[in-house]
Amino acid sequence: MAYEQEISRRKTFAIISHPDAGKTTLTEKLLLFGGQIQSAGAVKSNKITKAATSDFMEIEKQRGISVATSVMSFEYRGKLVNILDTPGHKDFAEDTYRTLSAVDSVILVIDSVKGVEEQTEKLMEVCRMRATPVITFINKMDRDGKDPFDLLDEVEQKLNIHVHPMSWPINSGRDFKGVYLIPSHSLNLFESNKTKKADEFISVAGVNDPQLPELIGERNASKLREDIELIDGVYGELNRRDYLEAHTSPVFFGSGLNNFGVQELLETFLELAPTPVHRPAAERLVEPTEAKFSGFVFKIHANIDPRHRDRIAFLRVCSGKFERNKPYRHVRLGKDLRFANPYTFLARSKEVVEDAYAGDVVGLYDTGNFKIGDTLTEGEMLHFKGIPSFSPEIFKELINLDPLKSKQLEKGIEQLTEEGLAQLFRQEPGNRKYIGTVGELQFEVLQHRLEHEYGAKCRFEPRSIYKACWMGGDEDAIRDFMKFRQNNIAWDKDNNPVYLAETQFTLRMTQDNNPKIQFRTMVEVTEAAQ
Ligand code: G4P
């Protein structure tokens with residue numbers, strides 16, 4: 001198949017949601033359509049469940065399983081769909097933000113009972129930063145949820161995006177009758193059936209079709225007429241460009257658990273969603289159709305077997321064709337590497353691939369060459385942008401409990417933070433190490449892995465640090481500030497200075513007192529590395 005054709009049939013996306021809204025269930029149903037799994041329940045085992053939140057060993061085990069399902073690919077009607085999995089657990093939110101840098105669009109799942117939740121807002125902020133197109137799926141319509149108009153308002157207000165209903169629910173909960181598909185004027189009637197594989201659509205001649213009362217009852221038909229009249233008046237027709245530019249999100253209503261409304265979601269997604277789009281590098285914009293290969297690492301996953309210290313680096317192909325055994329330039333290290341066993345995820349299990357195209361993700365065995373954000377090319381000096389690094393929320397100091405194992409501890413903490421499990425800040429003098437994370441869980445995971453994989457013993461002492469801020473702006477001002485506030489300055493993994501603010505108040509004061517310096521709690525990884 002011609003190269004352009006290969007790219008134009010690819011759709012690479014992620015499903016995002018607040019935990020429990022139904023991301024895993026929806027992923028599973030999409031895979032059922034793609035024929036990748038035969039029954040529901042297959043993806044579920046990958047999920048970091050609520051029951052496991054206090055059991056980090058269980059989480060590690062599940063993180064291990066999730067390597068195989070980090071990317072799930074399937075073919076549907078001639079298209080090749082790559083779903084990039086994002087961990088639902090909020091303590092691993094950083095992982096999700098990084099994965100979002102490797103997709104071309106997202107499907108956002110919202111629980112109709114709970115509406116827009118906190119985690120969703122944060123995820124959408126990241127999508128907005130990159131103008132990632134979003135399709136919204138309002139899930140759990142089989143439960144008594146909020147009023148659909150209220151839900152649309154909530155999405156617009158809280159997520160700062162226009163909405164465009166593509167389907168419209170007829171009641172919810174026990175009285176849920178199904179949805180009316182607005183563009184195609186058809187009905188999809190609901191039946192609770194968790195093993196159903198496809199929906200059946202009934203074509204009607206709009207909401208004034210005389211059949212309608214027979215199909216859904218007089219009262220429902222008249223309510224639907226009113227609703228659709230209002231919707232037509234307010235929303236008109238969807239402009240695909242508004243969606244692609246991330247101004248407007250098409251919205252579907254359904255129930256993942258009942259595989260209801262998923263088919264129309266998938267089919268519209270395949271029609272509307274972008275094929276692999278260009279990616280910004282610090283030097284220039286890289287088009288997917290360029291002949292030369294380029295790509296970047298957005299995720300690193302450790303092999304959880306302690307006897308094999310190797311890791312898997314996940315690389316998004318941005319342009320050209322990636323080929324097995326061909327030497328590629330590791331831009332940061334300035335050396336050429338070749339990969340004998342790269343794999344993709346087209347089959348149910350991972351398999352070695354000969355080549356991959358823009359939009360694909362390949363897994364590369366790594367013995368310590370990669371950091372998140374690294375770029376591979378055919379020789380050009382490119383640094384892909386867009387992987388965000390946020391200030392951690394919790395800071396603790398790493399205390400070595402076994403001086404004879406200092407080297408192991410040093411190496412372990414270096415490697416584990418390169419994986420993106422936590423952030424490391426070093427402070428001179430005294431070589432103090434602060435570890436920053438999003439949640440408490442990572443400290444348990446770190447401690448356990450340092451002991452079992454590196455033989456190092458440590459503990460973490462809480463430190464009252466509110467935020468780590470990267471500094472930009474006037475260089476002289478930054479230099480003076482660093483001299484003056486030495487005790488609050490530390491260095492990140494790329495040797496960039498950060499200001500460790502103790503409280504929100506001191507951060508505000510510091511900002512006011514140093515107007516020539518910008519204190520930022522978010523930077524792009526490439527930006528930080530330069
Ligand atoms: P997540 O990945 O976003 O965290 O959510 P997940 O799919 O695991 O779904 C969270 C819970 O919501 C699950 O119930 C799931 O069965 C349920 N759920 C998902 N979609 C629907 C839906 O359309 N309708 C209803 N009523 N429930 C839905 P659970 O009890 O936590 O898990 P399980 O015991 O059912 O596996």
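Computed from heavy atoms alone, side chains included, the values below leave out hydrogens, waters and symmetry copies. Read the numbers this way: they start at 1 and go in the same order the structure lists the ligands and their atoms.
- Using a 4.0 Å cut-off to heavy atoms of Ser17, the atoms of ligand 1 that qualify are 3 (O).
- Contact annotation for Thr24 and ligand 1: heavy atoms of both the backbone and the side chain come within less than 4.0 Å of the ligand.
- For ligand 1, the atoms closer than 4.0 angstrom to any heavy atom of Lys23 are 1 (P), 2 (O), 3 (O), 5 (O), 7 (O).
- Of the charged side-chain nitrogens involved, none lies within less than 4.0 Å of a carboxylate oxygen, so that Arg174 and Asp144 do not count as a salt-bridged pair.
- At least one N/O-N/O distance between Gly256 and ligand 1 falls below 3.5 Å.
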Test log, rule side-chain hydrogen bond (donor to acceptor under 3.5 Å, both in side chains), inputs His185 and Tyr180: CA-CA 7 Å; His185 304 298; Tyr180 176 72; 3.0 Å; yes
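- Residue Asp104 forms a side chain to side chain contact (heavy atoms under 4.5 Å, CB included) with just one option from Arg10, Arg279, Lys11, and that option is Arg279.
- Those atoms of ligand 1 that come under 4.0 Å of a heavy atom in Thr25, given as number and element, are 6 (P), 7 (O), 9 (O), 15 (C), 19 (C).
- Of the N and O atoms on the side chains of Asp492 and Gln423, not one donor lies less than 3.5 Å from an acceptor on the other residue.
- At least one cation-pi condition fails for Lys396 and Tyr434: the charged atom is not both under 6.0 angstrom from the six-membered ring centre and inside a 45 degree cone around its axis.
- Looking at Ser249 and Thr136, their side chains do bring a donor and an acceptor atom within 3.5 Å of each other.
- Here Asp20 has heavy atoms under 4.0 Å from ligand 1 in both its backbone and its side chain.
- Near Leu257, meaning under 4.0 Å from one of its heavy atoms, ligand 1 places the atoms 16 (O), 20 (N), 21 (C), 22 (C), 23 (O), 24 (N), 25 (C), 27 (N), 28 (C).
- In this structure, a donor-acceptor pair under 3.5 Å is present between the side chains of Glu267 and Gln263.
- Taking distance alone, with nitrogen or oxygen atoms compared against 3.5 Å, Gly254 stays at or beyond that limit from ligand 1.
- Contact annotation: for Pro19 versus ligand 1, heavy atoms closer than 4.0 Å belong to the backbone alone.
- Both cation-pi conditions hold for Lys122 and Phe390: the charged atom is under 6.0 angstrom from the six-membered ring centre and inside a 45 degree cone around its axis.
- Atoms of ligand 1 found under 4.0 Å from any heavy atom of Ser255 (numbered from 1 in listed order, with element): 22 (C), 23 (O), 24 (N).
- Polar contact with ligand 1: absent for Asn258 (N/O pair, distance under 3.5 Å).
- In this structure, of Arg143, Glu28, Lys140, the residue bringing a heavy atom nearest to atom 17 (C) of ligand 1 is Lys140.
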